[in-house]
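Taking it in order: structure first as structure tokens, then the write-up.
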Amino acid sequence: MSRVQLALNVADIDEAIAFYTKLFDTEPAKVRPGYANFAIVDPPLKLVLIEDANQTPGTLNHLGVEVSTTDAVKSAQVRLATEGVPTALEEETTCCYAVQDKVWIDGPDGEPWEIYTVLSDAETPAGQLRSAAPGESACCRPRSEPVEHAAGASSCR
């Protein structure tokens, strides 16, 4: 199963959780300090909320496509690279309260996209959620010049 992911910056995580619970008639799948995600069945959507006082509330943090296996991530990376799209591969990276395999690409206007699979749940120390600030290499933030990484490498260290 695949579904689109939308990650938003929010000013107040509790207020955002209350709103999106009502909007999608679904309780969050995961709630942590400053973070929540919803696994919405209809429409198929992974909605991620990131509380960040340094970002404008309601702005896009990043986009993604959640896939079911690491093979699907690697297949997407190979397909995109073959098409000439620069990619950044991250394997077993801990980000957004999960261990993930992912490939990052930038859209035509610089919007960050990830194709990822969740390997397991994880506790992520505070401060390791993605920052949307350009040029920062915080967790979940693709580098400005994508480079393939070796297995186990992470931008979150």
Side-chain angles (χ1 to χ4, degrees), residues 1-70 72-73 76-77 80 87-144 146 149 153-157:
M1 177 204 68
S2 294
R3 64 178 157 207
V4 171
Q5 173 190 298
L6 173 61
L8 297 175
N9 297 312
V10 300
D12 183 314
I13 195 69
D14 295 326
E15 183 179 346
I17 289 170
F19 174 81
Y20 288 107
T21 296
K22 292 173 189 171
L23 177 63
F24 291 109
D25 194 25
T26 302
E27 293 294 322
K30 185 184 293 186
V31 177
R32 300 290 188 273
Y35 175 90
N37 77 44
F38 291 78
I40 301 160
V41 175
D42 188 20
L45 173 67
K46 181 73 156 274
L47 177 65
V48 177
L49 306 174
I50 300 172
E51 187 176 61
D52 187 345
N54 296 317
Q55 301 301 322
T56 304
T59 60
L60 178 67
N61 188 281
H62 66 280
L63 299 158
V65 177
E66 183 179 20
V67 296
S68 57
T69 67
T70 294
V73 171
Q77 189 275 328
L80 291 163
T87 65
L89 183 64
E90 294 183 333
E91 296 176 302
E92 296 184 19
T93 189
T94 302
C95 182
C96 299
Y97 298 99
V99 177
Q100 305 168 356
D101 285 343
K102 60 177 74 183
V103 61
W104 284 101
I105 62 169
D106 289 329
D109 292 315
E111 65 278 9
W113 278 88
E114 65 176 331
I115 299 171
Y116 72 99
T117 190
V118 174
L119 304 173
S120 64
D121 199 36
E123 289 303 316
T124 306
Q128 287 196 347
L129 294 177
R130 179 188 177 278
S131 169
E136 292 185 15
S137 62
C139 183
C140 303
R141 174 67 178 123
R143 290 147 190 56
S144 57
H149 299 281
S154 170
S155 64
C156 302
R157 293 183 186 163

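The basis for the numbers below is simple: all heavy atoms, side chains too, and nothing from hydrogens, waters or symmetry mates.
Pairing each heavy atom of Leu49 with each of Ala16, the nearest pair is CD1-CB, 3.8 Å. The minimum heavy-atom distance between Pro112 and Trp104, with the atom names listed, is CB-CZ3, 4.0 Å. Here the shortest heavy-atom pairing between Ile105 and Leu80 reads CG2-CD1, 3.9 Å. The heavy-atom pair separating Ile13 from Ala36 by the smallest distance is CD1-N, 3.9 Å. Of all heavy-atom pairs spanning Ala11 and Glu51, the tightest one is O-OE2, 3.3 Å. When all heavy atoms of Thr56 and Asn9 are compared, the pair lying nearest together is O-CB, 3.8 Å.
Within the model, atoms CG of Leu63 and CG of Leu6 stand 6.0 Å from one another, a figure rounded to the nearest 0.5 Å. How far NZ of Lys22 is from CG of Asp25: 12.0 Å, rounded to the nearest 0.5 Å. In this structure, Gln100 CD and Glu114 CD are separated by 6.0 Å, a value rounded to the nearest 0.5 Å. With rounding to the nearest 0.5 angstrom, the CZ atom of Phe38 is 13.5 Å from the NZ atom of Lys30. Atom NZ of Lys46 and atom SG of Cys96 lie 9.5 Å apart (nearest 0.5 Å). Atom NZ of Lys102 is separated from atom CD of Glu66 by 11.0 Å, given to the nearest 0.5 angstrom.
Inter-residue side-chain proximity for Val41 and Thr26 is flagged as unmet; no heavy-atom pair is nearer than 4.5 Å. You'll find the side chain of Leu8 stays beyond 4.5 Å of the side chain of Asn61, heavy atoms only.
Counting heavy-atom neighbours within 6.0 Å of Asp121 CG, excluding the residue itself, gives a total above 12. Other residues, nucleotides and ligands contribute more than 12 heavy atoms inside 6.0 Å of the CD atom of Glu111.
Results of the side-chain hydrogen bond (donor to acceptor under 3.5 Å, both in side chains) test with Asp101 over Thr117, Thr69, Thr70 single out Thr70 as the only residue that passes.
If you look at Tyr97 and Tyr35, their ring centroids are closer than 6.0 Å.
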